Amino acid sequence: MNQRIIYPNDEGGVSVIVPAPECGLTIEQIAAKDVPQGKPYQIVDVLDIPSDRTFRNAWEYSE
Amino acid sequence: MPIQRITSGILADGAIVATDIANGSITGPKLGLTAINANNIVNATITGDKVALASLSGNVIVANTITTNLFSSTIYASNNDILGIKANGNTFSNTIIIFEGNTSSISVGDIVVGSNIAPNTVVLSFNSPPANRSNITVSNSLAGSNTNTAISFYSSRKILSPGIAGPGLCKAWVNFNGTGAVQIRAAYNVSSITDNGTGNYTVNFATAMPDVNYGACYEGLADNADNNFSADNVGTLTTNGAVQTRSTTAIRFNVKNSSMSSFDPATMSCMIFR
């Protein structure tokens with residue numbers, strides 16, 4: 001699955017949900033289940049997530 | 001001429017030997033102590049009050065329905081069966097000499113497990129007297145000669161019931177790459193992982209645990225860029241597995257190096273038992 005789900009976490013950063021392959025759920029079902037209740041989220045392409053994690057904890061969520 | 005129907009009577013031992021029993025039905029109060037040999041049993045129904053001590057042998061047995069009102073309770077593996085019979089002994093060639101442990105209840109065909117014992121090694125025979133099965137011959141040659149080595153025997157003829165085996169089974173696991181574009185390599189009962197930051201992950205279960213009293217195990221690949229590590233430590237476990245939060249639906253943890261700094265492991269695994 002080449003999609004990711006992003007949402008703002010409680011630490012002020014951004015959390016990235018990585019779906020498990022062949023888990024039998026759609027990305028929307030995973031978002032409904034695994035994004036904390038009440039959090040806004042976006043479904044993005046994996047290529048939109050930086051692969052350079054040097055400053056991973058400084059990532060911010062934007063609408 | 002093929003037998004069309006048997007309404008009563010007794011078939012002698014070994015009376016049914018066929019290359020193909022297809023779309024047929026075997027119905028009776030008891031199938032016992034009898035061997036049914038066939039190359040192919042297809043789409044057959046075997047129905048009986050009790051199917052016990054029978055042996056079915058053939059190349060293929062495919063049945064839509066096998067219905068019994070009662071399976072003998074002895075064919076289900078108990079907790080002790082799952083734990084196996086433990087003993088110590090000397091091994092050489094195809095022989096095991098038991099000198100510690102009670103192996104009086106082992107059977108021919110039991111699977112033998114231990115160091116230098118190849119997988120799928122089974123008991124072929126054992127010495128008399130029956131109460132002292134100290135000299136056991138097994139199916140595979142044992143690697144080298146070993147003294148006082150731990151050996152376990154497991155039945156190969158027991159049905160494993162989820163009701164008994166369930167608590168010992170891994171309920172969820174995941175293996176992922178925490179570097180670069182984080183990727184799950186393989187998983188079971190995991191819908192996703194959440195990358196919360198450097199070395200900080202949540203494993204989300206596809207099917208929730210019954211409560212939070214589960215056991216969690218972690219394994220990770222070392223941070224070999226950590227100057228506090230010697231070369232010997234490269235590739236060894238470095239996570240402290242500090243659990244931040246857990247619920248019935250997810251568990252969150254940190255991965256740290258020997259300096260207690262969070263880092264992203266190239267290989268990280270999490271296993272859940274309940």
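Everything numeric here is computed off the predicted structure, so don't read it as measured data. Sequence lines set the chain letters: A, B, ... in the order given, protein chains first and strands last, and positions in each chain run from 1.
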task: Can you tell which part of B:Thr249 gets under 4.5 Å to a heavy atom of chain A, answering side chain, backbone, both or neither?
output: neither

- request: Can you tell which part of B:Tyr201 gets under 4.5 Å to a heavy atom of chain A, answering side chain, backbone, both or neither?
  value: side chain

- line: If you tally heavy-atom pairs under 4.5 Å between each of A:Pro21, A:Ala20, A:Cys23 and chain B, the highest tally belongs to A:Ala20

- prompt: Which bit of A:Tyr7 comes within less than 4.5 Å of chain B, counting heavy atoms only: side chain, backbone, both or neither?
  reply: side chain

- prompt: Centre of B:Phe176's six-membered ring, under 6.0 Å away, within 45 degrees of the axis: is that where NZ or CZ of B:Arg185 sits?
  reply: no

Neighbourhood of chain B inside residues 30-45 of chain A, taking heavy atoms under 4.5 Å as contact: A:Ile30, A:Lys33, A:Asp34

message: Quick one, B:Val112 with B:Ile151, criterion side-chain contact (heavy atoms from CB on, under 4.5 Å). Give me CA distance, side-chain angles, the key distance, then yes/no.
response: CA-CA 7 Å; B:Val112 189; B:Ile151 302 163; 3.6 Å; yes

query: Between A:Asn57 and chain B, which part of the residue has a heavy atom less than 4.5 Å away: side chain, backbone, both or neither?
result: both

field: B:Gly109 backbone acceptor or donor facing B:Ser156 side chain under 3.5 Å
entry: yes

query: When you measure from the side chain of B:Thr198 to the backbone N and O of B:Phe263, does any donor-acceptor pair fall under 3.5 Å?
result: no

field: Any donor-acceptor N/O pair, A:Asn9 side chain to A:Gly12 backbone, under 3.5 Å
entry: yes

task: Name, in order of residue number, those residues of residues 186-197 of chain B that have a heavy atom at a distance of less than 4.5 Å from a heavy atom in chain A; otherwise write 'none'.
output: B:Ala187, B:Val190, B:Ser191, B:Ser192, B:Ile193, B:Thr194, B:Asp195, B:Asn196, B:Gly197

- prompt: Quick one: what part of B:Ala206 sits under 4.5 Å from any heavy atom of chain A, side chain, backbone, both or neither?
  reply: backbone

- prompt: Got a second to check how far B:Ile85's CD1 is from B:Ser155's OG, nearest 0.5 Å?
  reply: 9.0 Å

- line: Whatever's closer than 4.5 Å to a heavy atom in chain B on A:Ile49 counts as neither

- prompt: Roughly how far apart are B:Phe273 CZ and B:Lys171 NZ, rounded to 0.5 Å?
  reply: 8.5 Å

Interface moiety of A:Gln29 toward chain B, non-hydrogen atoms closer than 4.5 Å: neither

Minimum heavy-atom distance between B:Ile251 and B:Arg246, given as atom pair plus value: CG1-CB, 4.0 Å

- prompt: Can you tell me if A:Arg56 uses its side chain to pair, donor with acceptor, with the backbone of B:Asp264 under 3.5 Å?
  reply: no

query: To the nearest 0.5 Å, how far apart are CG in B:Asn200 and OG in B:Ser262?
result: 7.0 Å

query: How far apart are the C-alpha atoms of A:Thr54 and A:Asp52, what are their side-chain angles, what is the distance that settles it, and do they pass the side chain to side chain donor-acceptor pair (under 3.5 Å) test?
result: CA-CA 6 Å; A:Thr54 306; A:Asp52 183 350; 2.5 Å; yes

message: Less than 4.0 angstrom from a charged side-chain N to a carboxylate O is my criterion; do B:Arg274 and B:Asp211 meet it?
response: yes

query: CG/B:Asn175 to CD/B:Gln183 distance, rounded to the nearest 0.5 angstrom?
result: 12.0 Å

